[in-house]
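The residues of the chain are indexed from 1 along the displayed sequence.
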Amino acid sequence: MSSVPRIRVLVVARDLEIRRRVAHTLETDGHMSFDMEEVPDAHTARERLSEGALDVMLVRLQPPDGLDAVRELKAAWPDLPVVALLATGGPEGSEAAINAGAVDSLAEERLDAEVVRRTIRFALERARLQGEVHRRSVVDAATGVYNARGFEQLAAHHLQLSDRSDEPVVVVFVRIEMPVGVRPEAALSLVRGTAEVLREAVRDADVVGRLGVDTFGVLLSGDASGNEGLVLSRIVEAVASRNAKSGAERLALSIGSAMSTSERSLSAPDLIRTADASMRVVTPDPG
């Protein structure tokens, strides 16, 4: 017998009565089960969201945050669906909430169990579908890593964060040294092998992307200054391990890196171009 799925809900509302009413609608009914947490405002919600492990937010539009609370929370956590709680119903309030980033809205006079549960189910399904569409638009189908669009979007986001944290952003640029006359199926094997090598060599928090037919990028997260050498050695070790396997297409890579700092700020495309210009062969020629 399958267990009842548990939906993790964060309710953002100053009004204790609103939070009590929402909690009442989320009592387990045998079909859906909810773990509800509650915070008074967007500031406290940001602190809770940084801990992760949530499925959906119900955000009451209240002064002084209003629609800005939805915009702010969606900007920071775009994949987490938001349902706006409106003081009164009506198309204008609902449209404004959705334009601010909410996936749906709910009038407070309709806070009954059936409506709230149906709205949450809709929000989760809508977010899943949007996430799938987005994933397909930013992920390289051949390798499963980010494509150029996805990589540059994430790089731009990290650069914005670095402006506030004053931490440098490092990009490692990788090119496959394709053998002359390589067969298409062998070239694809080398591309997929490179993606595997890079995923093995970097941390889970780092970002790997396929930027061209035979080029990849790695965005080093956090305070990455000085970590390029460690990543380089790991890539070399991973390539050597792969090349030692019987039947594997031998892989050779050229690698360069670039850093954006508060003193020398670069855009995502400029980072990639600078890293490309510094490339050198660091793994054995497959000859």
Give the intermediate values and the outcome of side chain to side chain contact (heavy atoms under 4.5 Å, CB included) for residues Leu54 and Leu49. CA-CA 8 Å; Leu54 290 168; Leu49 285 166; 3.4 Å; yes
Honestly curious: do [X] and [Y] fall in one hydrophobic cluster under the side-chain, below-4.5 Å linking rule?
X      : Y      : answer
Leu188 : Ile176 : no
Ile98  : Leu86  : no
Leu220 : Val236 : yes

Could you tell me whether the side chain of [Y] reaches within less than 4.5 Å of the side chain of [X], counting heavy atoms only?
X      : Y      : answer
Ile255 : Phe173 : no
Val22  : Leu111 : yes
Met259 : Thr274 : no
Leu26  : Val116 : yes
Val11  : Met36  : yes
Pro81  : Met57  : no

List for me each residue that meets salt bridge (charged side-chain N to carboxylate O under 4.0 Å, His left out) alongside [X], sequence neighbours excluded, and say none if there are none.
X      : result
Asp214 : none
Arg71  : Asp68
Arg60  : Asp15, Glu108
Arg8   : Asp55

Apply side-chain contact (heavy atoms from CB on, under 4.5 Å) to [X] and list each qualifying residue two or more places apart in sequence or on a separate chain.
X      : answer
Ala76  : none
Arg126 : Val103, Phe122, Gln130
Gln153 : His134, Val138, Arg149

Assess whether a salt bridge exists between Glu196 and Arg199, defined as any Lys/Arg side-chain N lying under 4.0 Å from an Asp/Glu carboxylate O.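 Judged by the 4.0 Å cut-off on N to carboxylate O distance, Glu196 and Arg199 do not form a salt bridge.
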Going by an N to O cut-off under 4.0 Å, is there a salt bridge joining Arg128 and Glu125? yes
Measuring from atom [atom1] of [X] to atom [atom2] of [Y], what distance do you get when rounded to the nearest 0.5 angstrom?
X      : Y      : atom1 : atom2 : result
Glu152 : Leu219 : CD    : CG    : 11.5 Å
Leu251 : Ile235 : CG    : CD1   : 10.5 Å
Leu232 : Glu237 : CG    : CD    : 10.0 Å
Arg14  : Asp41  : CZ    : CG    : 5.0 Å
Thr44  : Glu47  : OG1   : CD    : 5.5 Å

Near Tyr146 OH, under 6.0 Å, is it more than 12 heavy atoms from other residues, nucleotides or ligands?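 Result for OH/Tyr146: open.
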So the salt bridge (Lys or Arg N to Asp or Glu O under 4.0 Å) pairs with at least one residue in residues 181-195 (sequence neighbours excluded) are Arg183-Glu185, Arg183-Glu249
Could you tell me whether a side-chain N or O of [X] sits under 3.5 Å from a main-chain N or O of [Y], the two making a donor and an acceptor?
X      : Y      : answer
Glu38  : Ala23  : no
Gln62  : Ala13  : no
Lys74  : Leu80  : yes
Asn99  : Glu95  : yes
Thr215 : Val174 : no
Asn243 : Ala240 : no
Ser105 : Ser94  : no

Compare every heavy atom of [Y] with every heavy atom of [X], then report the nearest pair and how far apart it is.
X      : Y      : result
Leu190 : Pro179 : CD1-CD, 3.8 Å
Ala100 : Val70  : O-CG1, 3.7 Å
Val12  : Ala45  : CG2-CB, 3.9 Å
Ala84  : Ala97  : CB-CB, 3.7 Å
Ser260 : Leu271 : N-CD2, 3.7 Å
Phe216 : Ala195 : CE2-CB, 4.0 Å

The criterion is side chain to side chain donor-acceptor pair (under 3.5 Å); which residues satisfy it with [X], sequence neighbours excluded?
X      : value
Asp276 : Arg175
Arg273 : Asp270
Arg48  : Glu37
Ser233 : none

Mind running side chain to side chain contact (heavy atoms under 4.5 Å, CB included) on Ile120 and Phe34 for me, showing each step along the way? CA-CA 11 Å; Ile120 288 176; Phe34 299 88; 3.9 Å; yes
Testing Val191, Leu198, Thr194 for side chain to side chain contact (heavy atoms under 4.5 Å, CB included) with Arg210, which one passes? Val191
Against Leu85, only a single residue in Leu61, Val59, Leu106 fulfils side chain to side chain contact (heavy atoms under 4.5 Å, CB included); can you say which?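 In the set Leu61, Val59, Leu106, the residue that makes a side chain to side chain contact (heavy atoms under 4.5 Å, CB included) with Leu85 is Leu106.
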Is there a side chain to side chain contact (heavy atoms under 4.5 Å, CB included) between Ile7 and Val56 once you walk through the steps? CA-CA 8 Å; Ile7 310 300; Val56 64; 4.3 Å; yes
